[in-house]
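Notes to accompany the following structure.
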Amino acid sequence: MCGIIGFTGARPCADFLLDGLEKLEYRGYDSAGVAVLDEAGALRVRKAVGRIANLRAAVGASGAQGTTGIGHTRWATHGQPSVENSHPHLDEAGRIAVVHNGIIENYAELKAQLVQRGVHFASETDTEVIAQLLAAHYDTDMKTTLLRVLPMLEGSYALGVLDARAPGVLYCARRHSPLLAGLGEGENYIASDVSALIGHTRTVCTLEDGDVGVLTPAGVDFFGPDGQPRRREAVTVTWDAAAAQKNGFDHFMLKEIFDQPQALQDTLTHYVDLEKMAVRRERMPFTPAQARSLRELTIAACGTAYHAGMMGKALVERFAHVRTHACIASEYRYGPTYEMDGGPDASVFLAVSQSGETADTLAALRRAKSLGMRAIAFSNVIGASIAREAGTVMYTLAGPEIAVASTKAYLTQVLLFEILALDLAHMRGYLTDEEMRGALAELAKLPELARHILARRADVEDFARRNRACHDIFFIGRLMDYTTSLESALKLKEVSYLHSEAYAAGELKHGTIALIDERTLVAAIATQPEILEKTYANMQEVKARGAYLLLIGTPPANMGGLAGCEVWPVEGAAANTSPLLATIYAQMFAYYTALQHGCDIDKPRNLAKSVTVE
């Protein structure tokens with residue numbers, strides 16, 4: 001969950017590195033550093049605790065100059081945030097600099113061996129072990145040395161490496177942690193996320209596991225673990241630098257909440273021909289024969305993507321009548337295994353990840369494939385590891401999502417499940433042609449309905465202001481509304497740090513109602529027609545205990561016992577799409593609540609955007 005940037009070219013690189021780190025800061029922001037190889041062949045390293053602004057001041061004061069360099073912004077895994085533990089890390093002689101994302105699982109053993117040989121360490125990190133190993137086993141040149149040392153490392157890594165004996169050369173390597181090479185004119189780059197490179201190049205190559213890259217201003221070469229050249233296809237990034245800017249909004253999170261109508265529109269039109277009201281068959285993951293053979297679908301994901309998977313389970317079971325399991329990826333990867341019956345078309349695994357690099361989801365995907373399951377992926381990043389390894393991928397067209405708290409990626413993931421569930425239902429004979437067209441027409445309303453909800457932002461902001469003093473907030477709901485409650489509570493916790501929980505409304509009397517008193521805010525999600533009256537009854541129960549009520553969804557015709565309840569309506573949507581729209585209210589509530597509490601909304605404490613380690 002850290003950020004890497006690297007440069008080799010003809011111009012001074014310090015500003016490039018700092019600008020790139022600012023774009024990557026959402027991946028880790030407790031410390032940062034850069035190493036620049038100067039004209040005299042010396043490595044100039046500058047580090048700072050905290051944000052990139054602190055590092056920029058340190059670099060400006062030092063005047064570090066050079067045309068080849070690496071940088072890193074850190075989310076601590078080994079050792080507390082400090083200058084000593086910040087990357088880049090040097091070997092004892094100061095000739096090799098390393099930046100690293102991932103975790104070296106056997107670092108303690110390797111460190112003990114090096115200490116026995118008389119090596120002195122300056123940090124508590126696993127990364128310094130890599131620098132010291134490269135120095136201890138140096139042979140001829142850095143590429144040869146990397147090929148010798150990398151097999152010693154257990155775990156995951158994306159590496160950027162400088163060698164003071166190789167001016168103008170930038171080395172990199174990757175295993176189980178994302179890394180890109182960017183291709184420029186007279187200069188080339190590495191980065192852990194393409195957002196750091198947009199504005200300089202749109203042409204990138206994704207390193208595969210086991211790759212070692214050697215970059216010079218003239219070009220980029222890739223090699224496999226055996227030292228033989230590897231060819232990596234260059235792809236063109238379609239979105240531009242403006243898409244990763246705030247566009248007048250105070251925070252990326254708010255900007256991305258307001259991006260959602262367009263993200264829904266772009267994703268919808270990619271998979272559905274809205275003139276014919278038919279799915280674009282060539283972009284769907286199942287053929288009619290595969291759909292009819294499907295007996296079981298397993299969805300695995302983490303965090304917000306897991307909540308999208310829970311929505312997917314409800315939708316696929318409701319429409320397509322396929323037994324579906326939604327699993328937390330970190331649980332699935334260690335759970336019991338079963339032999340799959342009926343071949344790969346009968347049991348299918350679907351991995352959901354915004355970044356396409358989530359470590360636990362990737363491990364779960366690999367396990368499913370080892371069991372003989374066909375693998376499908378939902379991802380927002382073209383060419384990401386999960387997308388490549390799945391073989392079949394459906395992309396969300398959400399564009400870059402910079403805020404740590406996911407908003408538009410979640411909505412577009414749920415939209416993909418809507419489309420997939422309807423398509424399976426149609427091919428399996430549970431929806432007629434006319435019913436399918438009608439269901440797709442309902443999806444076509446979503447972008448405009450989302451705009452109507454966003455137009456009520458002032459109501460949400462005012463409510464957050466009036467309830468600023470509330471520190472216990474519970475969300476309740478049933479069926480798909482319960483899943484929306486889980487995502488709503490998570491979003492509020494992520495950005496405001498308030499105590500927020502989600503409960504299945506029917507479970508209140510089984511213990512959780514003991515938490516309700518006059519200091520509690522209870523937000524009820526109520527969009528599912530078949531259980532509205534049940535949810536209203538649960539709301540009356542908590543009101544009787546003194547709680548203040550918020551209803552998101554469909555209010556009763558006569559408020560009666562719910563008089564005084566705040567209502568944020570979801571209007572004009574079908575039952576299966578209303579929970580998606582209700583989520584937008586919850587996202588705005590989380591944002592404006594965090595704003596009231598003065599939180600760092602785009603960079604919440606202890607969190608980072610892409611969880612690439614277990």
Q | Spacing of CG belonging to L411 relative to CG belonging to L415, to within rounding of 0.5 Å | A | 8.0 Å
(Q) How about CZ on R323, more than 12 heavy atoms from neighbouring residues, nucleotides or ligands closer than 6.0 Å, or not? (A) no
Q) Quick one: are S379 and R388 in side-chain contact, heavy atoms under 4.5 Å? A) no
(Q) Taking the side chain as everything from C-beta on, heavy atoms only, tell me whether N576 gets closer than 4.5 Å to E442. (A) no
Q) Between L365 and A390, what is the shortest heavy-atom contact and its length? A) CD2-N, 4.0 Å
Q. What is the minimum heavy-atom distance between R232 and T206, and which atoms define it?
A. CD-O, 3.7 Å
(Q) As an exercise, state the distance from NE2 of H452 to CG of L454, rounded to the nearest 0.5 Å. (A) 10.5 Å
Q: Could you tell me whether the side chain of F475 reaches within less than 4.5 Å of the side chain of S500, counting heavy atoms only?
A: yes
Q) Between the side chains of S578 and T527, does any donor sit under 3.5 Å from an acceptor? A) no
Q.
Between D345 and R292, does any NZ, NE, NH1 or NH2 come within less than 4.0 Å of an OD or OE carboxylate oxygen?
A. no
Q: Using modelled atom types only, decide if a donor and an acceptor are shared between the side chain of E256 and the backbone of S406 within a distance under 3.5 Å.
A: no
**Q.** CG on D211 to SG on C172, rounded to 0.5 Å
**A.** 8.5 Å
Q. Going by distance alone, is a donor N or O of one side chain under 3.5 Å from an acceptor N or O of the other, for E435 and H426?
A. no
**Q.** Pair V460-R457, side-chain contact (heavy atoms from CB on, under 4.5 Å): steps then yes or no
**A.** CA-CA 5 Å; V460 180; R457 65 184 285 189; 5.6 Å; no
Q) Which residue pairs satisfy the ring-ring contact (aromatic ring centres under 6.0 Å, His included) criterion with at least one member in residues 346-387, sequence neighbours excluded? A) Y332-F349, F378-F417
Q: Go through the steps for C599 and V495 under the test side-chain contact (heavy atoms from CB on, under 4.5 Å), then give the verdict.
A: CA-CA 7 Å; C599 299; V495 297; over 6 Å; no
Q) Taking all non-hydrogen atoms of both residues, which atom of A320 and which atom of A421 are closest, and how far apart? A) CB-O, 4.0 Å
Q. Counting heavy atoms not belonging to E233, are there more than 12 under 6.0 Å from its CD?
A. no
Q. Once you round to the nearest 0.5 Å, how far does CG of L21 lie from OG1 of T73?
A. 6.0 Å
(Q) Any side-chain to backbone donor/acceptor pair from D126 onto I104? Under 3.5 Å, distance only. (A) yes
**Q.** N380 (side chain) donor-acceptor with A398 (main chain) under 3.5 angstrom
**A.** yes
Q: Please round to the nearest 0.5 Å and tell me the distance separating atom OG1 of T287 and atom CZ of R281.
A: 8.0 Å
(Q) Check this for me, if you would: do D481 and K534 make a salt bridge, where the nitrogen-to-carboxylate-oxygen distance has to be below 4.0 angstrom? (A) no
(Q) Is there a side-chain contact between E418 and L446 in this structure, where contact means two heavy atoms from C-beta onward sitting under 4.5 Å apart? (A) no
Q.
Tell me whether H176 contacts the main-chain N or O of G155 through its side chain, where contact means a donor paired with an acceptor under 3.5 Å.
A. no
Q: Answer yes or no: is there a side-chain heavy-atom contact under 4.5 Å between I402 and D602?
A: no
Q) Taking 4.0 angstrom as the limit, do R366 and E389 come out as a salt bridge? A) yes
Q) How about L498 and T593: do any of their side-chain heavy atoms sit closer than 4.5 Å? A) yes
Q) Quick one: do the E357 and S385 side chains pair a donor with an acceptor below 3.5 Å? A) yes
Q.
Tell me whether R428 contacts the main-chain N or O of A291 through its side chain, where contact means a donor paired with an acceptor under 3.5 Å.
A. yes
Q) If only atom types and distance count, is the side chain of Q260 paired as donor or acceptor with the main-chain N or O of I257 below 3.5 Å? A) yes
Q) Does M480 reach the side chain of Q528, with side-chain heavy atoms less than 4.5 Å apart? A) yes
Q: List the steps and the verdict of side-chain contact (heavy atoms from CB on, under 4.5 Å) for T392 and R374.
A: CA-CA 9 Å; T392 302; R374 181 188 173 207; 3.4 Å; yes
Q. At their closest point, which heavy atom of I453 faces which heavy atom of M588, and how far apart are they?
A. O-CE, 3.6 Å
**Q.** Polar side-chain atom of R202 near backbone of L197 as donor-acceptor pair, under 3.5 Å
**A.** no
**Q.** Reference residue H251; test ring pair (Phe, Tyr, Trp, His ring centres under 6.0 Å); the match among Y592, Y591, F258
**A.** Y591
Q: State the SG-CD1 distance between C327 and I299, to the nearest 0.5 angstrom.
A: 8.5 Å
Q.
Within the structure provided, determine whether R174 and D209 are in side-chain contact (heavy-atom separation under 4.5 Å).
A. yes
Q) Sub-3.5 Å donor-acceptor pair from the side chain of S496 to the main-chain atoms of K493, do we have one? A) no
Q: Report yes or no: does R367 contribute a side-chain atom to a donor-acceptor pair with the main-chain N or O of G335 at less than 3.5 Å?
A: yes
Q | Residues in salt bridge (charged side-chain N to carboxylate O under 4.0 Å, His left out) contact with E317, at least two apart in sequence or another chain | A | K313
Q: Work out which heavy atom in L153 is nearest to a heavy atom in R175; give both atom names and the distance.
A: O-NH1, 2.6 Å
Q.
Looking at every non-hydrogen atom in both residues, tell me the closest pair between S485 and I525 and how far apart they are.
A. OG-CG1, 3.4 Å
Q: Return yes if some donor-acceptor pair links the side-chain N/O of S156 with the main-chain N/O of G102 below 3.5 Å, else return no.
A: no
Q | Worked verdict on M284 versus Q290 for side-chain contact (heavy atoms from CB on, under 4.5 Å) | A | CA-CA 11 Å; M284 301 304 293; Q290 289 171 330; over 6 Å; no
Which atom pairs, donor and acceptor, lie under 3.5 Å between side-chain atoms of residues 300-308 and protein residues at least two apart or in another chain?
from, atom 1, to, atom 2, distance (Å)
T304, OG1, E487, OE1, 3.1
T304, OG1, E487, OE2, 3.2
T304, OG1, K491, NZ, 2.9
H307, ND1, E487, OE1, 2.8

